[in-house]
Amino acid sequence: MSRVLVVQNHAGGGPGRFGAWLASEGVSLDVLHAYAGVPFPRRSAYDGVLVLGGGFLPDDDARAPWLAPTRALVAGAVERGTPVFGICLGGQLLARVAGGTVRGEHGAPEFGSTPLSLRPEAGDDPLFRDLPERVTAVEHHVDAVTALPPGAAWLMTSERCPYQAFRVGERAWGVQFHPEAGADRVRSWDAERLRARGLDPVALADRAARDEPAAEAVWRRVARRFAAVVSG
């Protein structure tokens, strides 16, 4: 059975349905609770790496000292050609270690179910090929990738945040959105914090529920394809 190391960056941020979809394809997940100080393996014996989101910048080592070994883990995986999938912070971290740039509090924030557009470069991508030209995904970010790594393939975009999905080399992907999160995640968000940003928590949850059936089918397909890459 193929094994994926999952780096979790905060207590409430597990692999969710993306992890369940990988498991259904025969991939075993070892979740590393990095935020709790669990040490990283000395030498990676994993067939893939999945780095989840969190409320940090990729080099925010003062608040999150485990990000330094996470960057080393991802850089090593990219160098060896080990498959990588980075979500939100994980995607930003991949961009950072591969030579791109990330800025905090950059551009317009995105919260809730967000329309995404597939770019022509996705046409031959192992994960994103043949997806619908328009699809939605749950977003929850104020930081953003502002320049892709040199040579990266730019796969998806949105109205407010251009770099929604990209690939580094042949086997490392980063996404700004949350394919592991559905409408239930949106309903769990702090209503007062959303209202403070001028957002309606009920409307956000309702829109996510309406969009979920179509979006879930797409991100399940992407997870299955990543499982196939991991299994080789």
Applying a strict under-4.5 Å side-chain criterion to I, L, V, M, F, W and Y, I'd like to know whether [X] and [Y] cluster together.
X      : Y      : answer
Val229 : Leu94  : no
Val6   : Val97  : no
Leu89  : Val168 : yes
Val38  : Val51  : yes
Phe40  : Leu29  : no

Shortest non-hydrogen contact from [X] toward [Y]:
X      : Y      : result
Pro39  : Leu32  : O-CD1, 3.3 Å
Ala95  : Val145 : CB-CG2, 3.9 Å
Ala122 : Leu155 : CA-CD2, 3.8 Å
Pro150 : Ala98  : CD-O, 3.8 Å
Phe177 : Ala137 : CD1-CB, 3.5 Å

The residue among Val31, Val7, Ile87 that forms side-chain contact (heavy atoms from CB on, under 4.5 Å) with Leu50 is Ile87
Go through it in stages, so that I can follow the logic: the residues are Met1 and Val27, the test is side chain to side chain contact (heavy atoms under 4.5 Å, CB included), and I'd like the CA-CA distance, side-chain angles, deciding distance and then a yes or no. CA-CA 6 Å; Met1 177 178 285; Val27 174; 5.9 Å; no
Donor-acceptor pairs under 3.5 angstrom involving side-chain atoms of residues 202-216: please list them, not counting sequence neighbours.
from   : atom 1 : to     : atom 2 : distance (Å)
Asp211 : OD2    : Ser113 : OG     : 2.6
Glu212 : OE1    : Ala183 : N      : 2.9
Glu212 : OE2    : Arg17  : NH1    : 3.4

What's the spacing between [X] [atom1] and [Y] [atom2] if we round to 0.5 Å?
X      : Y      : atom1 : atom2 : answer
Arg119 : Phe128 : CZ    : CZ    : 13.0 Å
Asp47  : Ser231 : CG    : OG    : 7.5 Å
Leu118 : Asp125 : CG    : CG    : 9.0 Å
Ser117 : Glu133 : OG    : CD    : 8.5 Å
Leu22  : Ser2   : CG    : OG    : 10.5 Å
Leu5   : Asp30  : CG    : CG    : 7.0 Å

By salt bridge (Lys or Arg N to Asp or Glu O under 4.0 Å), which residues pair with [X], not counting sequence neighbours?
X      : result
Asp184 : none
Arg185 : Glu180
Glu25  : Arg224

Using a 3.5 Å cut-off and no angle test, enumerate the donor-acceptor pairs between side-chain atoms of residues 62-78 and protein atoms at least two apart in sequence or in another chain.
from  : atom 1 : to    : atom 2 : distance (Å)
Arg63 : NE     : Asp60 : OD2    : 2.8
Arg63 : NH2    : Gly55 : O      : 3.0
Arg63 : NH2    : Asp60 : OD2    : 2.7
Trp66 : NE1    : Asn9  : OD1    : 2.8
Thr70 : OG1    : Trp66 : O      : 2.8
Arg71 : NH1    : Pro58 : O      : 2.9
Arg71 : NH1    : Asp61 : OD1    : 2.8
Arg71 : NH2    : Asp61 : OD2    : 2.9

Within a strict 4.5 Å, meaning less than it, do heavy atoms of the [X] and [Y] side chains meet?
X      : Y      : result
Trp173 : Leu127 : yes
Val135 : Met156 : yes
Leu52  : Pro15  : yes
Arg134 : Leu116 : no
Pro179 : Val222 : no

How about Thr146 and Thr101: does a side-chain donor come under 3.5 Å of a side-chain acceptor? yes
List in chain and number order the residues that pass ring pair (Phe, Tyr, Trp, His ring centres under 6.0 Å) with [X], two or more places apart in sequence or in another chain; answer none if no residue qualifies.
X     : answer
His33 : Tyr35
Phe85 : Phe18, Phe226
His10 : none

Side chain to side chain contact (heavy atoms under 4.5 Å, CB included) for Val186 and Val138? Distances and angles first, verdict last. CA-CA 8 Å; Val186 177; Val138 170; 4.0 Å; yes
Would you mind listing every side-chain hydrogen bond (donor to acceptor under 3.5 Å, both in side chains) that reaches into residues 74-95, with sequence neighbours excluded? Gln92-Gln176
Verdict with supporting geometry, Leu57 and Val102, side chain to side chain contact (heavy atoms under 4.5 Å, CB included): CA-CA 8 Å; Leu57 287 168; Val102 180; 4.0 Å; yes
Checking side chain to side chain contact (heavy atoms under 4.5 Å, CB included) for the pair Leu131/Arg221: CA distance, chi angles, key distance, verdict? CA-CA 9 Å; Leu131 297 185; Arg221 191 188 320 173; 3.9 Å; yes
Does anything in residues 82-108 pair up under salt bridge (Lys or Arg N to Asp or Glu O under 4.0 Å), and if so which pairs, sequence neighbours excluded? Asp59-Arg96
Ion pair present between Asp124 and Arg129, side-chain N to carboxylate O less than 4.0 angstrom? no
List, one per line, each side-chain donor-acceptor pair under 3.5 Å for residues 159-166, sequence neighbours excluded.
from   : atom 1 : to     : atom 2 : distance (Å)
Arg160 : NH1    : Pro109 : O      : 2.8
Gln164 : NE2    : Glu110 : OE1    : 2.8
Gln164 : NE2    : Glu139 : OE2    : 3.1
Gln164 : NE2    : Ser158 : OG     : 3.0

Enumerate the residue pairs fulfilling ring pair (Phe, Tyr, Trp, His ring centres under 6.0 Å) with a member in residues 99-123, sequence neighbours excluded, ordered by first and then second residue. Phe111-His140
